[in-house]
There are 2 protein chains.
Amino acid sequence: MAVFKPATSNLLHIEVINAIINAIVSGELKPGDHIIEQHIAQEMQISRAPVREAIRELAAQDIIQFIPRKGAYVAPLDPRNIEGIYLLRSYLEGLAARLAAPRLTETDLNEMYLLNYQMGEASLKNNVDTFINLDLQFHDFICQHCEHSQLKKMIDGVQLQTKLFMNMSKWHLAAHSELHREMNAHEPILEALRARNQEEAEMKMREHIVMAGNRLLEYLVDNKSSKNSKKEDTETVKN
Amino acid sequence: MAVFKPATSNLLHIEVINAIINAIVSGELKPGDHIIEQHIAQEMQISRAPVREAIRELAAQDIIQFIPRKGAYVAPLDPRNIEGIYLLRSYLEGLAARLAAPRLTETDLNEMYLLNYQMGEASLKNNVDTFINLDLQFHDFICQHCEHSQLKKMIDGVQLQTKLFMNMSKWHLAAHSELHREMNAHEPILEALRARNQEEAEMKMREHIVMAGNRLLEYLVDNKSSKNSKKEDTETVKN
DNA sequence: AATAAGTAGATTGTCGACATTGTACAAAGG
DNA sequence: CCTTTGTACAATGTCGACAATCTACTTATT
């Protein structure tokens with residue numbers, strides 16, 4: 001039942017960050033939920049100090065929203081923001097692709113090709129978790145090779161939110177077998193990178209991300225009518 | 001002598017953030033300097049807790065570099081990074097200009113026109129401080145009207161570094177009366193915004209920032225030969 | 001004299017407690 | 001019955017102290 005297990009690392013606040021992220025990704029913490037320092041501290045059997053640091057760091061990445069003297073809340077997912085976040089991501093990762101293009105070795109490109117191939121396999125088997133994981137790896141790979149520490153950090157931040165979005169739409173993708181629509185989405189990007197065409201790599205990356213955002217948005221508006229946006233439902237928390 | 005005066009706000013870590021930023025901008029803290037929590041805490045007559053929070057927040061923005069169990073250091077300014085930072089800034093602010101274009105009212109545009117006019121006056125008088133301040137206000141204005149909280153936060157972060165760069169090159173601008181080169185730099189952007197032309201606004205903003213970065217870089221390489229890059233000069237600090 | 005081990009000081013990491021602020025519920029008054 | 005005030009509780013903000021770690025210097029050994 002306890003989500004936050006006792007910590008093991010010698011850098012406690014890192015453990016807390018991972019624990020909170022896992023809790024959000026797994027759905028244990030939902031958007032809008034109030035994050036209470038003391039509760040996490042008790043569950044992980046540590047003091048509030050590292051918890052505070054973790055919360056501040058996540059707040060800096062907009063993973064959670066922080067209101068002075070009120071507390072931290074899991075960032076609410078306003079569908080109106082999703083378009084903006086994906087637009088931002090498209091610019092950032094587009095730039096990353098541009099910078100990575102001349103820096104990727106043949107080995108790097110082969111590795112990316114493998115990821116792409118495995119994604120094809122996963123989509124045929126309708127294996128959503130594997131597919132999402134590979135997708136993230138592909139984007140991460142480019143980000144890791146742009147050699148721009150700040151850009152990398154920014155992308156890491158928005159990708160975390162992307163991970164949440166993907167998790168939200170996971171069951172939908174699986175249920176409708178829509179993985180095939182995304183199957184070859186990375187191919188144009190990979191081609192451009194292989195050709196060392198910076199302009200093209202940036203543009204294809206941007207298009208890809210904007211399209212992914214649009215599909216996510218489509219899905220969300222489809223499901224909004226059948227579901228209440230306000231969820232003041234029964235909390236199992238009692239303390 | 002003491003840089004960090006006793007705090008007055010009811011949110012201590014905010015005070016500390018401002019104090020550290022001021023110390024960096026004013027040159028009291030130089031790139032590479034070790035920031036020691038206890039020292040700031042003592043000078044500001046507060047405990048280390050809010051100092052730690054401030055440091056973590058600034059580290060998240062890459063204003064300062066944080067190494068676990070070693071401490072916080074004012075982010076070193078590697079000229080090789082400057083190009084990257086200005087490129088990143090050009091993308092971010094370009095996007096901000098695009099988003100702001102349809103949202104700016106006539107009043108907003110007039111306000112920006114005024115800023116631009118005042119910059120012209122300042123450049124004629126070779127008043128560098130005023131010029132830089134107005135320049136930052138202009139960019140900030142657009143950033144404030146893009147209605148994208150994350151983008152805004154990211155831009156705030158890189159603009160802080162820009163502020164440092166500008167301060168470094170300040171005396172150079174003044175000495176060589178090169179302000180006139182920048183005088184009308186904002187006009188194309190303003191025109192595009194007035195015409196509500198998103199594409200044009202983004203492009204002009206990007207060009208402007210990339211050019212500004214190039215000029216800064218020129219200046220830095222010019223001065224690198226006459227000046228030692230390592231400055232282990234006499235510190236007034238004694239503790 | 002040069003290198004290595006050891007030691008003292010300084011700095012960060014963590015902790016538990018108290019102070020301050022915000023919230024929700026209850027009581028009193030209209 | 002509704003509104004307002006007061007009070008108790010809960011959560012955050014801040015603090016001082018101790019523990020773990022790193023750094024620089026001293027000392028010992030070859």
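A note on names: the letters A, B, ... follow the listed sequences, proteins ahead of strands, and every chain is numbered from 1.
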With the side chain of [X] defined as its heavy atoms from C-beta on, choose the nearest nucleotide among [options].
{"X": "K70(A)", "options": "dC15(C), dG22(C), dT23(D)", "result": "dG22(C)"}
{"X": "R48(B)", "options": "dC15(D), dT12(C), dT12(D)", "result": "dT12(C)"}
{"X": "R69(A)", "options": "dG22(C), dC15(D), dC15(C)", "result": "dG22(C)"}
{"X": "I36(A)", "options": "dC22(D), dT12(D), dC15(C)", "result": "dT12(D)"}
{"X": "S47(A)", "options": "dA11(D), dG22(C), dT14(C)", "result": "dT14(C)"}
{"X": "P50(A)", "options": "dC15(C), dT12(D), dG13(C)", "result": "dC15(C)"}
{"X": "A49(B)", "options": "dC15(D), dT23(D), dC18(D)", "result": "dC15(D)"}
{"X": "H13(A)", "options": "dT14(C), dT11(C), dT12(D)", "result": "dT14(C)"}

* To do: Go through the side-chain N and O atoms of Q150(B) and Q161(A) and say whether any donor and acceptor fall under 3.5 Å apart.
  => yes

Whole Å only: how far is the [atom1] atom of [X] from the [atom2] atom of [N]?
{"X": "F66(B)", "N": "dT11(C)", "atom1": "CZ", "atom2": "C1'", "result": "11 Å"}
{"X": "I14(B)", "N": "dT14(D)", "atom1": "CD1", "atom2": "P", "result": "9 Å"}
{"X": "Q42(A)", "N": "dG16(C)", "atom1": "CD", "atom2": "P", "result": "11 Å"}
{"X": "Q65(A)", "N": "dT12(D)", "atom1": "CD", "atom2": "P", "result": "14 Å"}
{"X": "E37(B)", "N": "dC18(D)", "atom1": "CD", "atom2": "C1'", "result": "15 Å"}
{"X": "L11(B)", "N": "dT14(D)", "atom1": "CG", "atom2": "P", "result": "6 Å"}
{"X": "Y73(A)", "N": "dT23(C)", "atom1": "OH", "atom2": "C1'", "result": "10 Å"}
{"X": "R56(B)", "N": "dG13(D)", "atom1": "CZ", "atom2": "C1'", "result": "17 Å"}

Is [X] touching bases, backbone alone, or none of the nucleic acid, heavy atoms closer than 4.0 Å?
{"X": "I67(A)", "answer": "nothing"}
{"X": "I35(A)", "answer": "sugar-phosphate"}
{"X": "E53(B)", "answer": "nothing"}

* Is the shortest side-chain N/O distance from H39(B) to OP1 or OP2 of dA10(C) below 4.0 Å? -> no

* To do: Report yes if at least one side-chain N or O of H34(A) is closer than 4.0 Å to OP1 or OP2 of dT23(C); otherwise report no.
  => no

* Closest heavy-atom contact between P31(B) and A75(B)? -> CB-O, 3.6 Å

* Could you give me the CA-CA distance, side-chain angles and deciding distance for D108(A) and T105(A), then say whether side-chain hydrogen bond (donor to acceptor under 3.5 Å, both in side chains) is met? => CA-CA 5 Å; D108(A) 292 333; T105(A) 65; 3.1 Å; yes

* To do: Mind telling me whether H139(B) and H186(B) have parallel, tilted or perpendicular rings, with 30° and 60° as the class edges?
  => perpendicular

* Hey, is R56(B) close enough to E57(A) for a salt bridge, meaning N to O under 4.0 Å? -> no

* To do: Please report the C-alpha distance between I209(A) and Y91(A) in whole Å, then the side-chain angles of each, then the deciding distance to 0.1 Å, and finally whether the side-chain contact (heavy atoms from CB on, under 4.5 Å) criterion is met.
  => CA-CA 9 Å; I209(A) 292 175; Y91(A) 271 64; over 6 Å; no

